[in-house]
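What follows is one structure encoded as structure tokens, with my remarks underneath.
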Amino acid sequence: MNEELQAGKFGILENQNEQASFCQQANQENCTENDCQADHDCRADSVANGSDDNRENHDGCDLQTANVSSGSVSRRAFVGGLGAAAAVAAASLIGCAPQSSGSATGANSATNGGASTGGTGTAATTGTSGASGTPSFLVAPKAPTNISETLDCDVLVIGLGLAGVAALREAAEAGKNVIGVEKQPERGWVSMAGDFGVVDCQIQKDLGIKWASKADIVNQLQKDMTYRTNPALLNYWYDHSGADFDWFLEGASYEVLPSTAANKTTENPNYIRPKCFPALEGYDWREEYYPYFHGTVTTNPNMDWACINCLDIAEAAGAKTYYGTSAELLITDSSGAVTGAYVRNADDKVTQINAKAVVLSCGDYGNNQEMRDYYVPWANEFACFYTQMDSKGKPADTGDGHLMGIWAGGQMELGPHAPMTHHMGGALGVDAFLQLNMEGKRFMNEDIPGQNIADQLSRQPGGTSWQIFDSKWPEQLLSQPTGHGYVNYFVPDDKIADYETVLAGFGLGYTTKAMVEDGVTCKADTLDELAAKMSLPADVVKAEIARYNELCAKGSDDDFGKDSRRLYPVVEPPYYACFFGNAGMLVLMGGLKTDLDLHVLDADGASIKGLYAAGNTAGGRFLVEYPVTVAGISLGSALCFGRLAGKNAAAEA
């Protein structure tokens, strides 16, 4: 890393992860001196989502406001594999329905060999209901009768996203006869994702990356999620994820960059970059309102090559995979044990797959509107944003695994479920600069991560805001928070050549003057002009900025309690404003109850023989609020628990 940057003379734009560059499509143009036309609603136009059980980029990125200039979207707005527009957000439903228990009885018709199908599921929450008092999606369909083929295996993995591929490989390497099915025509993981929150993998050890203690990290994660999640699962992730990542990469070819800002030195397109490393000089997570734990590593240009490597190993070990094939219903015997599943391919050919153990790794339920209305109505303001489709051209991630598990007697975990909706900000990410809402009023302590910014925007008029800063921003970056979504390093023009790789990426924490000038929404020489371009009342804007400047001079935020290290007055023109649109939803975290072996649990808390869940189909990992304390923990834990599910399923088979 350049010595001047190491010494902290400049400042980093950690606006968004390189792999998951999701940008909100807003009908908004860059403001000119005479005009600033913006569609402040910023909700997108069509439903599109994927079926990966792990969609974080990074741990996940939001749907950013797209800056449009001369009819083309700027590089900062749209980069790296962005597909269709985000879904239309449904009308926001206020409140969280209380949870209760109600039964949902599945089909019980006899099938081949005297097995029963479906089973009995129990609803874990209240919500919209049918005439019987039970939501229609909780009632199991009847077993198909037009069986075209029967296959037998030891372990059946349903859903070949990251967790599913890990389960498939682990079971195959254990010497079992393994079958994997995926409803998408080719693969189930989201290519844009890449951040892996894993602890003490060999790459991290080689680079000198040291995580905080398990007690510190797990306790902070629990606090972030109001202690609703299972700490034993988080402990397992901490203890095993590093070794699991080493296993995941076995045999793959890639380059390792020694720091976030390091340039590539080989022609290998696959490389791994540590995230926010070395840590910002003087950063101490213990002093932060929302701490960030350094250590995450990122697969570049995305996680495709690593997942393909893992899948290739699984298939070489004998695993058979079927794409364009959707599982519809689990098969259970008279004791309630799961003994296989019915699957249907794109030609509507139904196959019965008999198995001694089944792993459900089918992703989340973000594209099932009925389930969303039932479990997380407060998240309906957030549009799903993934473009993967199944073999029939319909959005994936429709809660198939959750429903099949419930129909077989499993239980959905108690909520509140946690939408991954963290905002990634604008030209200067989610740095703690002044924020004004659509009435021109300051409304929060700005020293919070993007996930929590999205929460606060939900309370504001239009669900949007403006981030305000002045011309002294380059020297103010180093004192900003660090981590996922933040900006800390400014690269001056004469140093740009030294940062070719990182600057060629998107939102990796390093920015230049040109990048910021291109990325801001409005720029003005006076506050009156800036207010006009933001379409906000000038008298209110000036009064709010005057009050904020007064607090900055005092060194104490008496209004909202922001850290005094991040109190910078807006006094030196030109002035800048970045429009913060609605955050998009990457994943709906909330899944089936499992034990520590990842067996799905029934209404009595007993494990269902032969049935496991992993990835976003399984519960216990994330509730209430998706944490950004550890970037990439979604991918890291999906890999870890996918492998564990495969191991335990193989042992039972």
Side-chain angles (χ1 to χ4, degrees), residues 19 52-54 56 154-155 157 159-180 182 187-191 193-209 211 236-258 264 266-275 295-321 359 361 598 614-615 632-651:
Q19 290 73 27
D52 182 24
D53 43 305
N54 293 286
E56 283 261 338
D154 296 319
V155 177
V157 178
L160 297 178
L162 173 59
V165 167
L168 188 82
R169 174 182 164 188
E170 179 65 25
E173 289 185 325
K176 299 300 180 179
N177 176 9
V178 185
I179 291 177
E182 167 57 46
R187 60 193 178 198
W189 59 84
V190 174
S191 297
D195 274 11
F196 281 84
V198 297
V199 180
D200 290 340
C201 69
Q202 191 58 50
I203 289 173
Q204 292 163 335
K205 293 175 182 177
D206 292 344
L207 294 178
I209 294 173
W211 285 90
Y236 185 92
W237 157 80
Y238 188 99
D239 291 336
H240 296 85
S241 59
D244 291 338
F245 191 68
D246 293 338
W247 168 84
F248 183 55
L249 296 181
E250 285 176 359
S253 174
Y254 54 90
E255 178 183 357
V256 176
L257 305 189
K264 279 176 50 58
T266 73
E267 296 300 317
N268 192 330
N270 306 326
Y271 61 100
I272 291 178
R273 182 203 311 272
K275 191 177 184 73
T296 298
V297 291
T298 304
T299 54
N300 291 269
N302 49 49
M303 72 171 178
D304 252 5
W305 57 269
C307 288
I308 290 171
N309 172 74
C310 194
L311 181 60
D312 287 346
I313 294 173
E315 291 178 335
K320 297 179 178 65
T321 53
V359 176
S361 50
L598 304 184
I633 191 174
S634 175
L635 292 188
S637 61
L639 168 63
C640 182
F641 292 118
R643 187 184 185 192
L644 178 62
K647 176 183 178 181
N648 291 334

[Y] and [X], any side-chain heavy atoms less than 4.5 Å apart:
| X | Y | value |
| --- | --- | --- |
| I272 | E255 | no |
| V256 | Y271 | no |
| W305 | L249 | yes |
| W247 | C310 | yes |
| T296 | F196 | no |
| S241 | L639 | no |
| V297 | Q204 | yes |

CA sep, side-chain torsions, deciding dist, call: T299, Y254, side chain to side chain contact (heavy atoms under 4.5 Å, CB included) = CA-CA 9 Å; T299 54; Y254 54 90; over 6 Å; no
query = Are R169 and E250 close enough, and set up right, to give a salt bridge (charged side-chain N to carboxylate O under 4.0 Å, His left out), and what steps lead you there?
reply = CA-CA 12 Å; R169 174 182 164 188; E250 285 176 359; 3.0 Å; yes
request  = Compute whether any side-chain donor of one residue and acceptor of the other, for N270 and S253, lie under 3.5 angstrom apart.
outcome  =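 Looking only at side-chain atoms, S253 and N270 do not form any donor-acceptor pair under 3.5 Å.
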query = Under 3.5 Å, is there a donor-acceptor pair between the T298 and D195 side chains?
reply =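 Side-chain D/A pair, T298 to D195: present.
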Locate the shortest heavy-atom distance separating [X] from [Y]; write the atom from each residue and the value.
| X | Y | value |
| --- | --- | --- |
| A166 | R643 | CB-N, 3.7 Å |
| L160 | V165 | O-CG2, 3.7 Å |
| S637 | S634 | OG-O, 3.3 Å |
| A172 | A314 | CB-O, 3.8 Å |
| A645 | A614 | CB-CB, 3.9 Å |

ask   = Any ion pair linking D200 and K205 (charged N to carboxylate O, less than 4.0 Å)?
value =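 Salt bridge flag = no for D200 with K205.
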inquiry  = Can you tell whether the side chains of E170 and K176 come within less than 4.0 Å, N to carboxylate O?
reply    =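 Result for this pair is no, no salt bridge flagged.
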Keeping the roles fixed (side chain from [X], backbone from [Y]), state whether a donor-acceptor pair exists under 3.5 Å.
| X | Y | result |
| --- | --- | --- |
| S361 | A163 | no |
| D246 | Q202 | yes |
| W237 | V199 | no |

inquiry  = Working note: F641 + L598, criterion side chain to side chain contact (heavy atoms under 4.5 Å, CB included); need CA distance, chi angles, decisive distance, verdict.
reply    = CA-CA 8 Å; F641 292 118; L598 304 184; 3.8 Å; yes
Can you tell me how far [atom2] of [Y] sits from [atom1] of [X], rounded to the nearest 0.5 angstrom?
| X | Y | atom1 | atom2 | value |
| --- | --- | --- | --- | --- |
| K275 | I209 | NZ | CD1 | 12.5 Å |
| L635 | C307 | CG | SG | 8.0 Å |
| L257 | L207 | CG | CG | 9.0 Å |

task = Would you indicate whether K320, at its atom NZ, is surrounded by more than 12 heavy atoms from other residues, nucleotides or ligands within a distance under 6.0 Å?
result =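 Not more than 12 within 6.0 Å, no.
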ask   = Only one of L162, V198, N309 forms a side-chain contact (heavy atoms from CB on, under 4.5 Å) with F248, so which one is it?
value =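 With F248 as partner, L162, V198, N309 yield a single side-chain contact (heavy atoms from CB on, under 4.5 Å), made by L162.
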query = Run the side chain to side chain contact (heavy atoms under 4.5 Å, CB included) check on I179 and V157 step by step: do they pass?
reply = CA-CA 6 Å; I179 291 177; V157 178; over 6 Å; no
request  = Assess whether side chain to side chain donor-acceptor pair (under 3.5 Å) is satisfied between E182 and T321, documenting all intermediate values.
outcome  = CA-CA 8 Å; E182 167 57 46; T321 53; over 6 Å; no
